[in-house]
Amino acid sequence: MASSSEPPSFATALANVRRLASSTLPHQSKPAQLLVAIESTLSSTLGKSELPHPSTAYFASLQQVLEKAVNDEVPAGTGDDEEMMAESENMGSGALLPAILYLLAIVIPETPNQVVISKSTNILENILPLFDTSLEHPPALRSLVQITTSLLLVAPPALLNSSPLLKKAWNYLLELNLDPRPKVRHLAQEGIRKILVSPIPPRLTPGSHPYLPRAREWTVSILQEEVKSSGSSTTKKARFADGEDQEGKRAIWVIQGLRGWVPVWGDEQLSSLCGLLLSLPSLPHLTPQIYSLLAHLLSPPPADAAGPVPSVLTNLPTILDSLLTSPPGLSETPTYLSAITSALIKMSIQDPLSLSTYLPKAFNLIFHNILLSSTTPPSVCTAAADAVGSQGILRYCINDEAILATLTYTRQGSHLPGARKKSKTPFLYRLITSLTESMNTHALKLPYLLSILTALISRLRLRNGRGHTAAQELIMDLIKEVGDLRHQKGFDDKDGVDRFIGMAIEVIGVKVVLDQLPLNIEPDSSGAPFYPGRAYLLPLIRERTTNDELSFFTHYFRPLSERLFEKKVSAGDAGREGEAKVWETLVSQIWDCWSGFCEMPRDLKEGLDTPFLSLLTSLLYTQPTLLPSLLRGLSQLISSTQRLLNSTTPSEELKKQFGLDQSSAQQNMEFLKTLAKDMVSVLLNVFSKLPRESRGMVGEVIGLWVGIMSEKDIIETYNTVTTHLSTNLHTTQPPSAGASPISHTMLDLLVIFVPHLPPAQSQALFNAASQGTMLEHKDATVQKKAYRLLKRLLEAGKLDKTRNIEEFVKKLSEAGGGVGPGAQRDRLQLLSALVESLPKDSLHIIPELLSEAVLGTKEVNERARDAGFDLLVMMGKKMASGGKVKLQIEDDEEESMGRPDTVQANAEEYITMVAAGLTGTTPHMISASINALSRLLFEFKDDISETTLSELISTLSVFLQSKNREIVKSALGFAKVSIVALPLEVLRPHLGSLVPSLLGWVHDHKNHFKSKTVHIFERLIRRFGFDEVYNCSTELPEERKVLVGIRKRKERAKKRKNGREEGDEEGEKPRQSSGNAFDDILYNSDSDLSDDDNDDNEDEGRPTQKGRKGQQQQQQQNKRGNKGSERDNRYIRNEGDEPMDLLSRGIAGGITSSDPSSQKARRKPGQDASHFQTDKSGKMVIREDASSDEDNAGPSNSRAMEGNGFMSKNEVDGYTRDSRGNMKFTRDTKKAREQDRELDMMIDQEGDKKLENTKKLEERRKKRKAMGLGEEFKAKRAGGDIKRTGGPDPYSYVSLGQAGSRKQKGGQKLNLTNKKKGSRHC
């Protein structure tokens, strides 16, 4: 079984083993420890610490360890039984041999073939005896299988034929195909497949492996044993009866493995294999495997002219007879149907004449016996429908001759009742008849019948001499019958009907379908709508129409759209807006269908008549809602005709399928050319009236129609556009509201015309666009479009590049100072196109443009900045391609004396040119030069000598000590790129200067210098090791503590990572990439260290700020330090009964770090009632000793908490949250301090009022204590409640909490009747 995922690389595979060295599982730790020991030995031997080492070194070491382990036996009579066991016999978990074999299985596929071949005999002598001892240990056995497979894959034919060890290993692999353990068996099967299918050099195609006959012999012997073991009493008819589940496993496993390499079985032996498969016993799990393999065997090869010739099966009729006469049970039917279908397709290719004998039998079995059977489950019905329709008989077994014979049969009238039959009824006609009858008799099978009908109509797209398809003559009656099903009550499979009608529209045509199924969307004379309405056909027509009659749209849909539009206007005037919207939607849907009629129309000239073209022009001007549909149609007219014109399919085949060929396409193209000039004029007017953001599609259609115009018409149109441009060049006012200025519109049109302009006009346009009036125009948009126009002209390749190129560069230089906002990116892109098109004798222009390219890397706009970097790289590639660069002649003859006039163009010379910018007079220029060198160093590091690289690093180390932050920021970027991209031997000599320079910025938080520098040191330590970097920082004892902190955090992060891995937790997520490797290095600061791993040593020795400001900064640092832990313990508050909207921006304001479940629950209804017991009837029982204690709590703290929360948001040390939930700390400003003082005064006043209210509340509570329970509700004027004799006590409306609470200490205990405990008075 081929693996669905690619195996990991060699380095990744070894790293996955190495990281398990500390695992507590012996079978994991032993290979890892062995690998670490081998790598340690290799590192000391080779003097190289980088991992991984060469695969040959691992291979040699493991071979020596294997030989020693196999031959090293422990002397008998010492120790326990396991200690007495020989090492060659110890294959258990944690033993040495399984670890060696596991590593060898990884190393051998990566080792050079010649090295493996030279040692294959020694390895086989050591591992072959291990097969017997490892049978009880699957991990070791799997490693042996992988090693054996790798050795057999690299062995040459001569060695395969002569080596008995290889033959023995092959036999082991074959036998393991029957191993009951799935992992071992699958590895052995995959090994057999790889060996037999992989071509052996010098052969380029698989097959004819020396061990293929042995594999065939072994497979046949196993299958024959299974046939004999089935018993002689099993008849052919009973072959598909149910059997025991435990039987036939060996045959199943053999068939599963055979499926992988059966393509190389051999054509001569396929017939016997098919017969043997059909002779196997009928068992529940074996039978589907047999049918699946037969379907795979009999499947035709892909339709490729260069593919192999299909094999010929001499016993194919016998196979088909056996399949057709022995249908299985329902559970195996889907695979059985696939086998029959493959056999029929094979027969149609191998022997088309004999196919007519088997098609009726197969159709009768599949259609009548299986599909129409009332006991067939839906899954089997679907498989049967596919076998008849889209995946079987109709699609592959009905050829053109059978369709023509059926057409002849119907045209002769032989199908009519009572008619004399002049020929035998064709099979296709009988199939259609069976389908038609089944629709009336098997209503429950309609969904499956519809899929077959859809496949049938798709196959009948063959056109006769009159241009009609075969479907139009054979199944016209079915279209109305199927269409009416959609309106039957209770019919659910409307999608099946739509697929059938859509296929009919595609094959037969819209006109014929609408004759059978009218739209009925217009009401009659009385205003009542026709029934049934079929407006649902309009979307189907839009999606499926192709290769149809364009004149039908002109004569049917155009008048229909006009009538519906009139109804829309009438309804709108009458105030019926809903009805008007319906008619408007229908008009829009009608014109959406027009693009389908424009795709390879069969009557292009008749469809595009003058009245229709006039209407089309009017709609383009007046109906903006129909504009996309109209433009799609105009685009399809050109593109589909060009596709047909350039088709390489034979003309006869095109005529048969589409009714058109290349000659018809040529005639249609000539007709379209006559319309091109007028159509382009209309489109130009439409283009000029649209706003800028809506012109895209119109511009594309203009480009298509301009492409077919004659050169004369193109020049005339070009002259018209340029005249308008020159007249309105300095007019910035748009002609109408919402439109663009005329100069902008004309420039956009010229950009569209560029690919189609003749060379003379291209050169004239180039000269005009490069003038100062365009490049230095006061309107930045004109500049932008002028640069874009020049770029397109250069890319078109129609200019004379050898003429006036230096003058053009001079004009660009003169216009460089007046570049408007937004035009810089287009200017840099123009320079890139110019550099790319430079001949090798004009490379001296590159130094003239270099300064602008360098400064382009400092542009504020990101796209312009990217264009600047692209220009730098393009210049470098141009210089690296070779040539000569002419140097400028100095005015001082003495200084220029002795210097060569030209230098060789290469990457190193280019780097030297860019490095000259480091001598600039402004920090901006120096910073830009450093940025440019960083990008070029990353791109051309392999083309620059080590001397130049060393000089660059030395120079940039000086800039790291600059006092200008702009320069230092760029220098840090250069240092980062250098450390990541350059080899160690180039960087090591400069560590002594780089480390102190970088340490100078580790405490500078401004511009993120500290985080950038720390990340650079992480990279340095990762490449050079901690000790080497730390030893270079002796001059700065305080700053070097940062390095210690980095090491500690890295160790802690490593421990956490190992803990996660041992806990089988999800591994680290891969780092996100921007798609640009340079940007990933320069801007990606993902650290291996966690943000919460701040080390205390980092801040040692620094004075602590005091006062409120210092405390505030400390709090902010602590919050940043605990950012990671807070992120893991956050909750979302959900208050109220409204559902939570997680997509709302305000959701961030409801995030809290406290667990809501740990907070005190709110007071709930009935909470006080829980203090009392209930009797059996559910009534509360209030005992006499129930306390009525009052709550002695002081004033509520909620007000105080509210005040504190208000203060925390408004005082100087407080914070607020914005709409996204982000905290904004209040600054210590004069205004904030004034607000703080006012807030204190307000709090004091509020406190006085609360104190007075508190005193009144206390007095009220004391008065209530002196009363009896419920006396506060006693009537003030009446004499009290009346108690009747024998009646209940009067109600006292008090809260249960008041009655059920505990009494304060020293108080009197009362009950609900206000009686003292112990009182007997009534």
Just so I know, are the side chains of [X] and [Y] near enough to count as touching, which here means a heavy-atom distance under 4.5 Å?
| X | Y | answer |
| --- | --- | --- |
| Gln256 | Ile252 | yes |
| Leu130 | Leu101 | yes |
| Leu25 | Leu20 | no |
| Leu337 | Tyr291 | no |
| Val227 | Leu223 | no |
| Lys119 | Phe59 | yes |
| Leu273 | Leu258 | yes |
| Lys194 | Leu153 | yes |

Could you measure the distance from the [atom1] atom of [X] to the [atom2] atom of [Y]? Nearest 0.5 Å is fine.
| X | Y | atom1 | atom2 | value |
| --- | --- | --- | --- | --- |
| Leu166 | Ser120 | CG | OG | 6.0 Å |
| Arg185 | Leu178 | CZ | CG | 9.0 Å |
| Tyr102 | Ile147 | OH | CD1 | 12.0 Å |
| His296 | Leu294 | NE2 | CG | 11.5 Å |
| Leu97 | Ser143 | CG | OG | 11.0 Å |
| Lys68 | Leu96 | NZ | CG | 9.5 Å |

Any sub-3.5 Å donor-acceptor pair from [X]'s side-chain atoms to [Y]'s backbone N or O?
| X | Y | value |
| --- | --- | --- |
| Tyr211 | Leu160 | yes |
| Ser322 | Ile319 | no |
| Asn315 | Ser271 | yes |
| Thr287 | Pro284 | no |
| Ser326 | Leu323 | no |
| Arg1023 | Ile979 | yes |
| Ser292 | Pro288 | no |
| Ser342 | Leu298 | no |

Could you please spell out the steps behind the side chain to side chain contact (heavy atoms under 4.5 Å, CB included) verdict for Leu152 and Leu173? CA-CA 10 Å; Leu152 289 169; Leu173 276 186; 3.7 Å; yes
Give a yes or no on whether Lys941 atom NZ has more than 12 heavy-atom contacts from other residues, nucleotides or ligands under 6.0 Å away. yes
Neighbour count >12 (heavy atoms, 6.0 Å) for atom CD, Glu985: yes
In plain terms, say whether Arg193 and Glu190 are close enough for a salt bridge, that is, a side-chain N and a carboxylate O under 4.0 Å apart. yes
Compare every heavy atom of [Y] with every heavy atom of [X], then report the nearest pair and how far apart it is.
| X | Y | value |
| --- | --- | --- |
| Ser331 | Pro334 | O-CD, 3.9 Å |
| Lys30 | Ala99 | CG-CB, 3.8 Å |
| Pro281 | Leu286 | O-CD2, 3.5 Å |
| Ala21 | Ser29 | O-CB, 3.9 Å |
| Leu293 | Leu277 | CD2-CD1, 3.7 Å |
| Ala69 | Ile100 | CB-CD1, 3.8 Å |

Hey, could you give me each pair passing ring pair (Phe, Tyr, Trp, His ring centres under 6.0 Å) that has a residue in residues 28-52? Not counting sequence neighbours.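 Non-adjacent pairs meeting ring pair (Phe, Tyr, Trp, His ring centres under 6.0 Å): zero.
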Pair listing, ring pair (Phe, Tyr, Trp, His ring centres under 6.0 Å) test, anchored in residues 21-45, at least two apart: none
Pair listing, side chain to side chain donor-acceptor pair (under 3.5 Å) test, anchored in residues 159-178, at least two apart: Asn171-Arg214, Glu175-Trp218
Go through it in stages, so that I can follow the logic: the residues are Leu278 and Thr318, the test is side chain to side chain contact (heavy atoms under 4.5 Å, CB included), and I'd like the CA-CA distance, side-chain angles, deciding distance and then a yes or no. CA-CA 10 Å; Leu278 290 172; Thr318 306; over 6 Å; no
Distance alone, cut at 3.5 Å: any donor-acceptor contact between the side chains of Thr12 and Ser9?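 Yes, a side-chain donor-acceptor pair sits under 3.5 Å.
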Would you say Glu110 and Ser55 are linked by a side-chain donor-acceptor pair, where the criterion is simply a distance under 3.5 Å? no
Listing, residues 32-47 side-chain donor-acceptor contacts under 3.5 Å, not counting sequence neighbours, or none:
residue: Glu39; atom: OE1; partner: Arg18; partner atom: NE; Å: 2.9
residue: Glu39; atom: OE2; partner: Arg18; partner atom: NE; Å: 3.4
residue: Glu39; atom: OE2; partner: Arg18; partner atom: NH2; Å: 2.8
residue: Glu39; atom: OE2; partner: Tyr58; partner atom: OH; Å: 2.7
residue: Thr41; atom: OG1; partner: Ala37; partner atom: O; Å: 3.0
residue: Ser43; atom: OG; partner: Glu39; partner atom: O; Å: 2.8
residue: Ser43; atom: OG; partner: Lys48; partner atom: O; Å: 3.4
residue: Ser43; atom: OG; partner: His53; partner atom: NE2; Å: 3.0
residue: Ser44; atom: OG; partner: Ser40; partner atom: O; Å: 3.4
residue: Ser44; atom: OG; partner: Thr41; partner atom: O; Å: 2.8
residue: Thr45; atom: OG1; partner: Thr41; partner atom: O; Å: 2.8

Looking at residues at least two apart in the chain, or sitting in another chain, which of them share a ring pair (Phe, Tyr, Trp, His ring centres under 6.0 Å) with Trp261? Trp265
Tell me, with the steps shown, if Ile195 and His209 meet side chain to side chain contact (heavy atoms under 4.5 Å, CB included). CA-CA 8 Å; Ile195 294 167; His209 195 278; 3.5 Å; yes
Between Leu14 and Leu51, does the side chain to side chain contact (heavy atoms under 4.5 Å, CB included) criterion hold? Intermediate values first, please. CA-CA 9 Å; Leu14 292 182; Leu51 299 177; over 6 Å; no
Audit row: Glu225, Arg250, salt bridge (Lys or Arg N to Asp or Glu O under 4.0 Å) steps and yes/no: CA-CA 10 Å; Glu225 290 177 6; Arg250 297 172 78 243; 3.5 Å; yes
The criterion is salt bridge (Lys or Arg N to Asp or Glu O under 4.0 Å); which residues satisfy it with Glu1028, sequence neighbours excluded?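 Salt bridge (Lys or Arg N to Asp or Glu O under 4.0 Å) list for Glu1028, sorted by chain: Arg988.
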